[in-house]
Amino acid sequence: MRYDLVIFDNDGVLVDSEPISNRLLAAYLTELGYPTSYEDSIRDYMGSAMHRVHDLVEARTGERLPAEFDDVFHRRVFATFERELEAVGGVVDVLEKLEADDVPYCVASSGSHERIRVGHRTTGLDRWFDEGRIFSAQDVGKGKPAPDLFLYAAERMGVAPGRCVVVEDSPLGVQAAVAAGMDVLGFTAMTPAAKLGGATQLFSGMGELAGLLA
């Protein structure tokens, strides 16, 4: 293994949540009078923390989203997760191999701690991620594309940034990993390869990931 720590993004990499989240986000913004398509949501918000939604809406319209926006959105998302959410195909095999090879790993997500835990509990991934392996943009205040979250995760796990590799599926996440001085493997299942151009390497299926980490 050429890395001392594997840092996974969560949404779209561990749990197949991006289609659900972006469908609901587009619908809620449209409901509030800010017409947004699913494609718009993927382009503008995929991989980002919630503050980006507030910031972009205000920048574009001069209006602020309601104070209850995050709470309402997360209630809708969590309810739908319970019915629909699944782990990304093949990711359990990757986690099993990392465990077998005694390679440290963690998750560093733009999502809240609650969102991460709900997704992991629903999909059964909670058995792989105890409290000490979960890091959220909530922990650092500034989400991707800033490098803060990845640097914080590496520090907490006791690994130098240059010995880390990040597994990401969003342009913002790739930018954050590069800014942190880490290698990044770009997962192109939902994102066109051209938008992950800063990645060290690209892959389209989890079956390829173990080979890229070796």
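Reckoned from all heavy atoms, side chains included, excluding hydrogens, waters and symmetry mates. These numbers were taken from a predicted model, which means no experiment stands behind them.
You'll find the side chain of Pro104 stays beyond 4.5 Å of the side chain of Asp4, heavy atoms only. Looking only at side-chain heavy atoms (C-beta outward), Arg121 and Glu82 come within less than 4.5 Å of each other. Put simply, the side chain of Phe150 does not reach to within 4.5 Å of the side chain of Val184, judged on heavy atoms. Counting heavy atoms from C-beta outward, Arg117 and Glu131 have side chains that approach closer than 4.5 Å. Residues Val92 and Trp128 form a side-chain contact, since some pair of their non-hydrogen atoms from C-beta on lies under 4.5 Å apart.
In the hydrophobic cluster analysis, where Ile, Leu, Val, Met, Phe, Trp and Tyr join through side-chain heavy atoms closer than 4.5 angstrom, Ile42 is grouped apart from Ile20. Follow the hydrophobic side-chain contacts under 4.5 Å out from Tyr3 and you reach Val167 in the same cluster. In this structure, Val165 is not a member of the same hydrophobic cluster as Met182, with clusters built from ILVMFWY side-chain heavy atoms closer than 4.5 Å. Val166 and Val13 are assigned to two separate hydrophobic clusters, defined by single-linkage of ILVMFWY side chains at heavy-atom distances under 4.5 Å.
For the side-chain contact (heavy atoms from CB on, under 4.5 Å) test, residues two or more places apart in sequence or in another chain that qualify with Pro192 are Lys195. For Asp40, the salt bridge (charged side-chain N to carboxylate O under 4.0 Å, His left out) partners at least two apart in sequence or on another chain are Arg43. Residues satisfying the side-chain contact (heavy atoms from CB on, under 4.5 Å) criterion with Ala49, sequence neighbours excluded, are His51, Ser110, Ala137. Under the rule for a side-chain contact (heavy atoms from CB on, under 4.5 Å), the partners of Ser41 that lie at least two apart in sequence or sit in another chain are Asn22, Leu25, Ala26, Thr36, Tyr45. Evaluation of the side-chain contact (heavy atoms from CB on, under 4.5 Å) rule for Asp93 yields Glu96 as partners, not counting sequence neighbours.
If you take CZ on Phe81 and CG on Leu24, they are separated by 8.5 Å, rounding to the nearest 0.5 Å.
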Table please: side-chain donor-acceptor pairs of residues 205-214 below 3.5 Å, with sequence neighbours left out.
from	atom 1	to	atom 2	distance (Å)
Glu208	OE2	Ser204	N	3.1
Glu208	OE2	Ser204	OG	2.9
Glu208	OE2	Gly205	N	3.0

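Looking at Lys144 and Asp9, a side-chain N of the basic residue comes within less than 4.0 Å of a carboxylate O on the acidic one, giving a salt bridge. Look at Arg115 and Asp11 and you find a salt bridge, because one of the NZ, NE, NH1 or NH2 atoms lies within 4.0 Å of a carboxylate O, short of that distance. Note on Glu99 versus Arg127: no salt bridge recorded, every NZ/NE/NH1/NH2 to OD/OE distance being 4.0 Å or above.
Within 6.0 Å of atom CG in Asp102, 12 or fewer heavy atoms from other residues, nucleotides or ligands are found, so the atom counts as exposed in its surroundings. Atom CD of Glu63 has more than 12 neighbouring heavy atoms from other residues, nucleotides or ligands inside a 6.0 Å radius.
Aromatic ring centres of Phe129 and Tyr105: separated by under 6.0 Å.
Considering all non-hydrogen atoms of both residues, Met46 and Ser170 come closest at O-CB, 3.7 Å.
Because its NZ or CZ atom is both nearer than 6.0 Å to the ring centre of Tyr28 and within 45° of the ring axis, Arg76 counts as a cation-pi partner of that residue.
The only member of Val118, Val77, Val15, Thr80 that meets side chain to side chain contact (heavy atoms under 4.5 Å, CB included) when paired with Leu85 is Val15.
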